[in-house]
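Data first, discussion second: the structure below is written as structure tokens.
Residue numbering restarts at 1 for every chain, and letters A, B, ... go by the order of the sequence lines.
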Amino acid sequence: MAKDFSTRAENYSQWYNDVVKKADLAENSAVRGCMVIKPYGYAIWEKMHDALDKMFKETGHTNAYFPLFIPKSFFSREAHHVEGFAKECAVITHYRLKNDPNGGGVVVDPEAKLEEELIVRPTSETIIWDTYKNWIQSYRDLPILCNQWANVVRWEMRTRLFLRTAEFLWQEGHTAHATREEAIEETRKMLNVYADFAEKHMAMSVVRGVKSPNERFAGADDTYCIEALMQDGKALQAGTSHFLGQNFAKAFDVKFLNKENQLEYVWATSWGVSTRLIGALIMTHSDDNGLVLPPALAPIQVVIIPIYKSEEQLNQITEKVQPLIQKLKDKGISVKYDDDDSKRSGWKFNEYEVKGVPVRIAIGPRDLENNHAEVCRRDTLEKTNISLDTLDVEVEKLLAEIQQSLFDRTVKFREDNTRKADTWDEFVDILDNQAGFVYAHWDGTPETEELIKEKAKATIRCIPFNNPLEEGKCILTGKPSKQRVLFARAY
RNA sequence: CGGGGUGUGGCGCAGUUGGUAGCGCGCUACGUUCGGGACGUAGAGGCCGCAAGUUCGAGUCUUGUCACCCCGACCA
């Protein structure tokens with residue numbers, strides 16, 4: 001076992017960085033705050049992309065692409081939106097370089113100054129609504145259900161691989177509707193798509209809810225979110241879906257003629273998830289031996305490692321394994337047969353363990369004699385011998401079981417780490433000594449929320465849907481409250 | 001932008017009171033190995049972040065500068 005690995009208990013954030021590096025997911029780049037997503041990490045993103053994209057198509061959405069650059073003036077149209085993003089925008093001011101007259105390589109050509117600066121998109125609402133304006137005249141043009149897969153830039157001061165980088169990959173859905181109700185329904189629908197994806201594909205339990213006004217997306221009337229709990233007890237926002245009301249329609253003057261021949265502003269939504277989900281995936285399942293991947297998102301679901309001394313032995317094993325590989329592939333399972341002779345089997349065991357491959361099958365001469373193989377599952381590290389005759393069926397079952405078991409574990413973890421606090425001392429005590437989610441009363445004012453954030457470093461993660469009403473007193477101010485809201489320290 | 005730290009082969013590091021650079025991993029070749037990160041032998045690989053200065057002589061001392069990392073303020 002690799003001893004150069006931090007454990008979660010020793011240093012959680014170091015452990016996270018180690019997993020990212022050892023599993024070969026990503027690395028820091030020459031550009032500050034930007035990461036290189038390596039092939040294995042990108043393969044996970046592709047699995048996420050494919051699954052989500054399918055879900056978007058099934059709910060009637062189509063993909064499109066809008067420009068990376070946004071004219072600066074577009075940004076100032078919607079007051080809250082600018083305020084929210086202004087501090088982290090990359091700005092393009094020039095369009096040409098020239099040779100340094102003083103001989104020091106190239107310099108920005110001062111002659112090539114843009115008349116209007118361009119912003120590298122931190123999100124695309126403005127450019128998209130400026131475009132939708134031309135697409136929409138009548139109720140017959142609605143709804144518009146578009147999604148785009150893109151990169152965005154937010155100039156963050158402190159970055160962490162996958163969790164927060166200056167540039168990241170994401171998808172952003174932008175929809176336009178004739179009625180408020182329809183837009184709200186869309187917002188909810190897409191949040192549920194995210195929650196389904198998190199639970200079924202990522203095997204990650206999430207809480208669905210509404211953000212408090214302070215935590216709302218800049219320019220939204222309401223922000224719905226899914227919140228997950230990481231192993232260190234900190235919460236992570238895993239996806240958001242925004243009801244934008246008519247804010248952007250008004251800012252960009254997007255009106256449609258309704259059936260009664262009256263002009264109305266269009267209703268909007270937007271929703272997104274990013275490569276941050278990979279960070280969530282890592283922190284949800286992985287252990288001190290490295291990455292643990294749910295089968296649904298594992299680039300390699302099953303690895304088969306031959307154990308042999310001679311070439312004849314390898315040939316015998318290969319011959320026996322070929323039909324098995326075919327059977328697994330026929331079931332849609334991604335299999336890797338690693339017969340690379342330059343690496344020893346023990347080395348491979350560790351390699352695939354660190355990389356989180358859900359199922360490992362080892363086959364050696366002894367197994368051939370007994371007509372079985374050693375099957376090891378990554379989540380529990382349990383090993384069993386399974387007959388070669390039923391191996392394909394058993395592996396398929398095992399993958400499903402691992403997927404389910406990982407999810408069940410996160411449900412239990414979330415439940416075990418969700419507590420109630422009735423007093424300020426209790427609240428702080430839980431956060432300091434146990435972490436996790438805390439349900440507590442809040443007087444409903446942004447000022448109090450801000451104060452709590454300042455004093456306890458915890459924020460309202462969300463007000464869960466179907467939250468039970470309950471009379472109580474705000475943990476900070478003692479003012480009356482009608483419901484508990486979900487607090488946590490967060491990423 | 002504050003506070004702390006680090007820059008030396010690809011990676012991780014050592015380098016004493018200044019004397020011309022070393023260790024581990026990895027890499028290459030050959031051989032022995034192969035059921036949980038093998039071992040031996042022989043190799044390759046470095047303007048010591050950059051720039052000035054002190055000195056007969058600087059990885060080491062001085063000054064400046066750049067970059068990166070960690071901890072805060074801001075955030076998906």
### Message
Classify A:Arg160 by what it touches in the nucleic acid, base, sugar-phosphate, or nothing, heavy-atom distance under 4.0 Å.
### Response
nothing
### Task
By nearest nucleotide on RNA chain B, pick out whichever of A:Gly346 and A:Thr240 is the more 5' one.
A:Gly346
## Note on the structure
Paired to B:rG64 by Watson-Crick or G-U wobble criteria (both distances under 3.5 Å) is B:rC50
#### Entry: Length of the NZ-P vector between A:Lys343 and B:rG36, whole Å
18 Å
### Query
Which of the following nucleotides, B:rG36, B:rU33, B:rC74, is nearest to the side chain of A:Glu156?
B:rC74
### Nucleotide of B:rG36, B:rA76, B:rG37 approaching A:Val354 most closely (side-chain heavy atoms)
B:rG37
### Query
Taking the side chain of A:Asn28 as heavy atoms from C-beta outward, which of B:rA73, B:rC69, B:rA76 is closest to it?
B:rC69
### Message
Could you tell me how far B:rG37 sits from B:rG22 if I compare only their P atoms? Round to whole Å.
### Response
33 Å
### Query
If you find the nucleotide of RNA chain B closest to A:Leu368 and the one closest to A:Ala166, which residue's nucleotide is nearer the 5' end?
A:Leu368
### Message
Could you tell me how far B:rC1 sits from B:rA58 if I compare only their C1' atoms? Round to whole Å.
### Response
35 Å
### Cation over ring face, A:Arg360 and A:Phe349, 6.0 Å, 45°
yes
### Task
Name the nucleic acid region contacted by A:Leu236, choosing base, sugar-phosphate or nothing; use a 4.0 angstrom heavy-atom cut-off, strictly under.
nothing
### Message
Output the rounded distance in Å from CZ (A:Arg378) to P (B:rG36).
### Response
17 Å
### Query
Taking 4.0 angstrom as the limit, do A:Glu353 and A:Lys22 come out as a salt bridge?
no
## Note on the structure
Of the listed B:rC69, B:rG36, B:rA76, the closest approach to the A:Glu353 side chain comes from B:rG36
### Task
Name the closest nucleotide to the A:Glu351 side chain, picking from B:rG35, B:rG37, B:rC70.
B:rG37
### Query
For the pair made of OH in A:Tyr308 and P in B:rC34, what is the distance, rounded to whole Å?
12 Å
### Query
So which nucleotide does B:rG72 pair with, by the Watson-Crick or G-U wobble rule with both distances under 3.5 Å?
B:rC1
### Query
Across the strands shown, which category fits A:Thr165 at heavy-atom distances under 4.0 angstrom: base, sugar-phosphate, nothing?
base
### Geometric class of the A:Trp15/A:Tyr12 ring pair [parallel <30°, tilted 30-60°, perpendicular >60°]
tilted
### Task
Considering only atom P, compute the distance from B:rA38 to B:rC25 and round it to an integer number of Å.
12 Å
### Query
Roughly how far apart, to the nearest Å, are B:rC50 and B:rG59 at atom C1'?
14 Å
### Task
Provide the Watson-Crick or G-U wobble partner of B:rC25, both distances under 3.5 Å; none if there is no partner.
B:rG10
### Message
Could you tell me how far B:rA67 sits from B:rG31 if I compare only their C1' atoms? Round to whole Å.
### Response
45 Å
### Task
On the 0 to 90° scale, with breaks at 30° and 60°, tag the A:Tyr224-A:Phe465 ring pair as parallel, tilted or perpendicular.
perpendicular
### Query
So how far is it from A:Phe243 CZ to A:Arg216 CZ, rounded to the nearest 0.5 Å?
10.5 Å
### Task
Just compare B:rC34, B:rC69, B:rG36 and give me whichever is closest to any side-chain atom of A:Cys376.
B:rG36
#### Entry: Nucleotide nearest A:Arg344 when distance is taken to its side chain, options B:rA76, B:rC70, B:rG35
B:rG35
### Task
Kindly assign one of parallel, tilted or perpendicular to the pair A:His242 and A:Phe217, based on the angle between their ring planes and the thresholds 30° and 60°.
parallel
#### Entry: Separation of the C1' atoms in B:rU54 and B:rU28, to the nearest angstrom
44 Å
### Task
Please evaluate the base of B:rG36 for a donor-acceptor partner in the side chain of A:Arg360 within a cut-off of under 3.5 Å?
yes
### Query
How close or far is atom C1' of B:rA38 from atom NZ of A:Lys309, stated in whole angstroms?
13 Å
### Query
Rounded to the nearest Å, what distance is computed from the CZ atom of residue A:Phe85 to the C1' atom of nucleotide B:rC74?
13 Å
### Task
Decide, yes or no, whether a salt bridge links A:Lys57 with A:Asp53 under the criterion of side-chain N to carboxylate O below 4.0 Å.
yes
### Task
Take atom P in B:rG19 and the same atom in B:rG15, then report the distance between them in whole Å.
14 Å
### Task
Specify the separation, in whole Å, of atom CH2 of A:Trp347 and atom C1' of B:rC39.
18 Å
### Query
With a non-hydrogen cut-off below 4.0 angstrom, is A:Lys383 in contact with a base, only sugar-phosphate, or nothing?
base
### Task
Quick one: label A:Phe168 by what it contacts on the DNA or RNA (base, sugar-phosphate, nothing), any heavy atom closer than 4.0 Å.
base
### Task
For A:Arg154, report the nucleic acid contact type (base, sugar-phosphate, nothing); a contact means any heavy atom under 4.0 Å.
base
### Rounded distance in Å - CH2 (A:Trp170) to C1' (B:rA76)
8 Å
### Message
Regarding A:Ser345, tell me which of base, sugar-phosphate or nothing describes its non-hydrogen contacts under 4.0 Å with the strands shown.
### Response
sugar-phosphate
### Query
Using 4.0 Å as the upper bound for N to carboxylate O, is an ion pair formed by A:Lys234 and A:Asp232?
no
#### Entry: Partner nucleotide of B:rG19 by Watson-Crick or wobble geometry (both distances under 3.5 Å)
B:rC56
### Query
Can you check the A:Phe349 CZ to B:rG35 P distance for me, whole Å?
8 Å
### Message
Would you measure the distance from the P atom in B:rG10 across to the matching atom in B:rG45 and give it in whole Å?
### Response
12 Å
